[in-house]
Protein chains: 2
Amino acid sequence: MSDTSPSASPTRSTGRPTIRDVSRLAGVSFKTVSRVINDQQYVSAEKRERVLAIMAEIGFQPSQAARALAGHRSHQIALICDNPNPWYVYEVQAGVRERCGRDNVRMIAQPYDRATPALLDAIVALIDQAHPDGLVLAPPACDDARVIAELERRRIPFVRLQPGGPIDGVPATSIDNDQAAFDMTSHLLALGHMRIGFVVGDRSYASSDQRLSGHLRALEQAGIGPDPDLVRQGMFDFASGKAAADAMLDLPHPPTAIFAASDDIAAGVLVAAHRRGIAVPAMLSVAGFDDAPLAQVVWPPLTTIRQPVRNLAIAAADLLLAPGDTVERRLDHSLIVRESTAPPPAA
Amino acid sequence: MSDTSPSASPTRSTGRPTIRDVSRLAGVSFKTVSRVINDQQYVSAEKRERVLAIMAEIGFQPSQAARALAGHRSHQIALICDNPNPWYVYEVQAGVRERCGRDNVRMIAQPYDRATPALLDAIVALIDQAHPDGLVLAPPACDDARVIAELERRRIPFVRLQPGGPIDGVPATSIDNDQAAFDMTSHLLALGHMRIGFVVGDRSYASSDQRLSGHLRALEQAGIGPDPDLVRQGMFDFASGKAAADAMLDLPHPPTAIFAASDDIAAGVLVAAHRRGIAVPAMLSVAGFDDAPLAQVVWPPLTTIRQPVRNLAIAAADLLLAPGDTVERRLDHSLIVRESTAPPPAA
DNA sequence: CAAGGTTAGGACACCGTTGTCCTAAATAAG
DNA sequence: CTTATTTAGGACAACGGTGTCCTAACCTTG
């Protein structure tokens, strides 16, 4: 209000310091400051220090808009995560963000509703408006052929998080879903279960089929043939888990264990059992998949497969920010045995 | 690869169409296109239509970087949500994003770890780099005095989501936490409970004290004085809920009902009860707060208070994008009675 | 002492818009 | 028939940086 004196500020029109303010205070040319910001050569250690000190002192941050416009990089990457599971979204965002922080790159992320009808349009608009330097595609978008085609057409770098099959030249991070399911079914078999129900996840996620196949492979290896009654379609969520469990528990010869393709499904199975007064694990063993916080919150705590979601996201961002020869990075899962699985009741 | 002919593209250096490409195709000046994009006057309906049609046809999207640099608006708002609850973060992001979509404004959001040490620095860097037009502050950041002071110093518009007390001139959205807790405790009293335990939430969230005071108010109104043994400090999470319940159930004269300040806490209470073989709700009633998905996934399904988190977020974004005289918008909560509460056992 | 690399600084165009100011035709109002 | 208002278009300077090219001082090294 009162700073009408003409000599108040030297050059600035806005309140923010610019690269030229820094250069003036550091006694170097603004070009040198630009070199420091972009980690380029031809700057002596001494001047670099000085510039860095001034920047910290006055709290200078280069304008992203200006850098994006002038340079050919926006220093942003976009995370596409159209997943209805809040925990999954949270972990993926946290992982990508953590890795971005190390490179001083910004992550732009926004949740997309499950099966956003215009996901492709949203992505295209995002790319054209925000000019991300690359994208991380989480499931199920990572397996959307139209999305992939559009990104390849535009030659925008991207990586895939937990995709279905590999795509030539597109880096990806994943766990071995098939093997993980195999491990869990083997655990149940080792406990003595012969009739094991399986609730399949949403078929639009590639991992659903992978997990089913691992389960069936373990059964086959134990000499147990597939039983259509014991494989039920679910949607990764609680409601479908409860419905699937209800159907299987109504069978004349019900399973003694149910392996659910997600912890949410497993929670539905647990509630179905509780409603019928079936004790878990004494009368029915229940196993999940994910090791979400939910697994330790339900009763009894779930035996499940731990997926290192956050580390998968970190690795995915790493493949994008520091591309190398690696095309696929596979992380380990682990079997977490808690209290929801036990030997079957003595018939 | 093969478009080496000089006449291939008219002006463009990058592949992206620019405002000038649009103007050429629409047969108007580029200034008119700019007016259409910014919804300014002095454009006839006919030309506006034509420009819009061309933009849709060639998939033109104005460069955010250029707009931000030239104009004084970035068409972005930032969401600051340093909350450890994935569901809460997800809902808030979804709500803000939904409202932003209507105004064609982009939301920049990234999860901050609980108690990010340098949250203030992160916010300052975000502001200086991305130049958001405003911020939505979710709890607990909305009650961080240093953050508030910094934003006011910079005169950046912001709104607060579920804050503690009001701040002059700063819009906010909230529910009546005190009344909601009062309602729940009244429900338990109406069922006949006389000894009601309460697990307080994290004290750095203003709502924790509000909920406690509503609970005590209801007790007082029923002629029941506060009992220090029946008020335990928690942290909004499962582990603290279990610990608090364990402590209260060890009491020589344990409560017949426990009201938890969040559903996560309530889940901990449930597990503590299950471990001791205490039937819920027959021997112990348990109530939660939030109506997160968790509330319907645990056993038995939780009686709880529904908070319209997504709508609170939508309303918050609305206050930011369409500011008016409204300074506080209060949304309704509701009591959801499920199966975890019942009359106390007949002593 | 010449040749060559390193460390700067300067000049200038450019990125794709918006803001400002000016001009002028077409239309409406007085 | 003037005089405003609406509807354009044009010119030009920002916005805050980056990329490119040139120059030159200062070290090395042979």
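Computed from a prediction, not measured in an experiment: that's the story for all the values here. In what follows, every heavy atom counts, from backbone to side chain, and hydrogens, waters and symmetry copies are set aside.
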Can you tell me the distance, in whole Å, between the [atom1] atom of [X] and the [atom2] atom of [N]?
X	N	atom1	atom2	answer
A/Y42	C/dG10	OH	P	19 Å
B/Q41	C/dT20	CD	P	13 Å
B/L69	C/dT18	CG	C1'	10 Å
A/R16	D/dC15	CZ	C1'	11 Å
A/D21	D/dG16	CG	P	9 Å
B/Q64	C/dG16	CD	C1'	13 Å
A/R73	D/dG17	CZ	P	16 Å
B/D39	C/dG19	CG	P	13 Å

*Going by the side chain to side chain contact (heavy atoms under 4.5 Å, CB included) test, name the single residue among B/V136, B/V159, B/T326, B/L312 that passes it with B/T173.*
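Result: among B/V136, B/V159, B/T326, B/L312, B/L312 is the only option passing the side chain to side chain contact (heavy atoms under 4.5 Å, CB included) with B/T173.
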_Which residues share a side chain to side chain donor-acceptor pair (under 3.5 Å) with A/R106, sequence neighbours left out_ =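 A/R106: side chain to side chain donor-acceptor pair (under 3.5 Å) contacts with B/Q110, B/Q129.
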*How would you list, by chain and number, every residue that makes a side chain to side chain donor-acceptor pair (under 3.5 Å) with A/E46, sequence neighbours excluded?*
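Applying side chain to side chain donor-acceptor pair (under 3.5 Å) to A/E46 gives A/R50.
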_Residue pairs, two or more places apart or on separate chains, that pass salt bridge (Lys or Arg N to Asp or Glu O under 4.0 Å) and touch residues 165-174 of chain A_ = none
*Write out all pairs satisfying salt bridge (Lys or Arg N to Asp or Glu O under 4.0 Å) with one or both partners inside residues 156-165 of chain A, taking only residues at least two apart or from two chains.*
A/D143-A/R160
*Quick one: salt bridge (Lys or Arg N to Asp or Glu O under 4.0 Å) partners of B/D318, sequence neighbours excluded?*
B/R99, B/R329
*What residues, two or more places apart in sequence or in another chain, satisfy side chain to side chain contact (heavy atoms under 4.5 Å, CB included) together with A/A66?*
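Checked A/A66 against side chain to side chain contact (heavy atoms under 4.5 Å, CB included); matches are A/S63, B/L69.
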*Can you name the residues that form a side chain to side chain contact (heavy atoms under 4.5 Å, CB included) with A/S34, not counting sequence neighbours?*
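With sequence neighbours excluded, A/S34 shows a side chain to side chain contact (heavy atoms under 4.5 Å, CB included) to A/I19, A/K31, A/N38, given in chain and number order.
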So which protein N/O to nucleotides 18-22 of chain D N/O distances come out below 3.5 Å?
| residue | atom | partner | partner atom | Å |
| --- | --- | --- | --- | --- |
| D/dT18 | OP1 | A/N38 | OD1 | 3.4 |
| D/dT18 | OP1 | A/N38 | ND2 | 2.7 |
| D/dT18 | OP1 | A/R67 | NE | 3.3 |
| D/dT18 | OP2 | A/S34 | OG | 2.5 |
| D/dG19 | N7 | A/K31 | NZ | 2.7 |

*Taking side chain as C-beta onward, heavy atoms only, is B/P86 less than 4.5 Å from A/Y88?*
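Answer no - side chains too far apart.
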Identify each atom pair where a protein N or O and an N or O of nucleotides 3-5 of chain C are less than 3.5 Å apart, giving names and distance.
none

*Is any side-chain nitrogen or oxygen of A/S29 closer than 4.0 Å to OP1 or OP2 of C/dG9?*
yes
